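Since we're looking at a predicted model, the values are computed, not measured. Per chain, numbering begins at 1; letters A, B, ... match sequence-line order.
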Protein chains: 2
Amino acid sequence: MAGLSSRSAVAIHALTMLAHRGEGSLTSAEIADSLESNPVLVRRILGSLRNAGLVSSTEGRGGGWSLARASRDITLRDAYVAVEEGRILSRHAHPPSDACEVGRNIGALLEVEFRDAERAMEERLDRTTIARLLQRVLAAERELASADR
Amino acid sequence: MAGLSSRSAVAIHALTMLAHRGEGSLTSAEIADSLESNPVLVRRILGSLRNAGLVSSTEGRGGGWSLARASRDITLRDAYVAVEEGRILSRHAHPPSDACEVGRNIGALLEVEFRDAERAMEERLDRTTIARLLQRVLAAERELASADR
DNA sequence: ATAACTGCAACCAACATAGTTACAGCTTGG
DNA sequence: CCAAGCTGTAACTATGTTGGTTGCAGTTAT
């Protein structure tokens, strides 16, 4: 079935919330509330984002998380590569038999194909910024508000 | 870590072997030998390929597997969609909180982004056929042979 | 000091995967 | 006709990953 973890979704969700917050900061508990999830989980994922230079954290009372750079300079790909190990299409579990013409060559060939395909996906993710996503969230909110009238 | 199963790799490997065989057929045991794996595993995956119309099987003594259409009409994407459930980038584990502006809108927006990204990957896979892959396997073999001289 | 945070290690249950065993059913060759 | 050699499938195991949780040490503002 499915495959990859939901870490990318969590990361993008959190980044969008932080962009919404602007200059201020959010705690892992606040973000976990919106995710209906757990503060520790959020801290784990935001920790990866911090390692990638996307967010920063401050410890102690009144601490929390905030964006380390402008939301228009953070793409979905940035979030993705920060929290996920790039290999989506996994290769052979074991190296195939060296006694088979196909077996001894397919590995290297598949590697190229799969890498290119994964890169195509990442390039698509790279075309949407967190700022743009937040923009659309707010547009959807306005839509809702006017529909409720 | 990784994510997806190695079913695509196995499927493509098997299809390439069948293309190499041409008109004849291969048994699941022969394919499993090249994969250093198990006949049952191979039958499971080839079963999916048969459901997708890519290969056909004949039961009983002398039976086995063969391509159901020309290898130039089978792409890596065909193999991929036959054995894998399309969702690579998984969505939120739980639907996010409805009480949060971001939470109640991000799901639908991410769905679009992720779908597009997955489609970009599939389109890249669609550009390589099994025939082309086999061609490259054989080219690599010739390379090896001439290097050994 | 104490409250409110992050950071981190150590768990747990649930699930998916690769691999295996066992066996029923089909088909061909002798 | 019967045995050999296949597919088809169910059942089971070991392993790894994931989302989730608890507990606690360290840090900082009030």
Problem - Side-chain N or O of A:S6 closer than 4.0 Å to phosphate OP1/OP2 of D:dT18 - result: no
Problem - Phosphate-side-chain proximity, A:H92 and C:dA18, N/O vs OP1/OP2 below 4.0 Å - result: no
Which whole-number value in Å describes the distance from [X] [atom1] to [N] [atom2]?
X	N	atom1	atom2	value
B:L89	D:dT18	CG	C1'	16 Å
A:L18	C:dT6	CG	P	11 Å
B:I31	D:dT7	CD1	C1'	12 Å
A:N38	D:dT18	CG	C1'	13 Å
A:H94	D:dG16	NE2	C1'	14 Å
A:R87	D:dT17	CZ	P	14 Å
B:L41	D:dC12	CG	C1'	15 Å
A:H13	D:dG19	NE2	P	15 Å

Options [options], nucleotide nearest the side-chain atoms of [X]:
X	options	result
A:S37	C:dT21, D:dG20, C:dC8	D:dG20
B:R43	C:dT6, D:dT22, D:dT9	D:dT9
A:S28	D:dT7, C:dG19, C:dT6	C:dT6

We want to know whether [X] and [Y] form a side-chain donor-acceptor pair, criterion being a heavy-atom distance below 3.5 angstrom.
X	Y	result
A:E113	B:T128	yes
A:H13	A:S34	yes
A:E36	B:S97	no

Exercise for the section: Taking the side chain as every heavy atom from C-beta outward, state whether B:L35 and B:V10 have any atom pair closer than 4.5 Å. Expected result: yes
Say whether, by atom type as modelled, one donor and one acceptor occur between the side chain of [X] and the main chain of [Y] under 3.5 angstrom.
X	Y	value
A:E118	A:L89	yes
A:E30	A:T27	yes
B:S6	B:A9	no

Exercise for the section: Kindly compute the distance separating CG (A:L18) from CG (A:L67), expressed to the nearest 0.5 Å. Expected result: 5.0 Å
Problem - Which nucleotides of DNA chain C pair, in dot-bracket form (Watson-Crick or G-U under 3.5 Å, | meaning another strand) - result: ||||||||||||||||||||||||||||||
So that I can tick it off, tell me whether [Y] and [X] are bridged by a salt bridge, with the cut-off set at under 4.0 angstrom between side-chain N and carboxylate O.
X	Y	value
A:R124	B:D116	yes
B:R119	B:D126	no
A:E111	A:R87	yes

Can you give me the N/O atom pairs linking the protein to nucleotides 10-14 of chain C at distances under 3.5 Å, or say none if there are none?
{"residue": "C:dA10", "atom": "N6", "partner": "A:R44", "partner atom": "NH1", "Å": "3.4"}

Exercise for the section: Evaluate whether atom CZ of B:R72 has more than 12 neighbouring non-hydrogen atoms of other residues, nucleotides or ligands under 6.0 angstrom away. Expected result: no
Exercise for the section: Under 4.0 Å from any atom of DNA chain D, heavy atoms only: list the residues of residues 46-68 of chain A that qualify, in numerical order. Expected result: A:E59, A:G60, A:R61
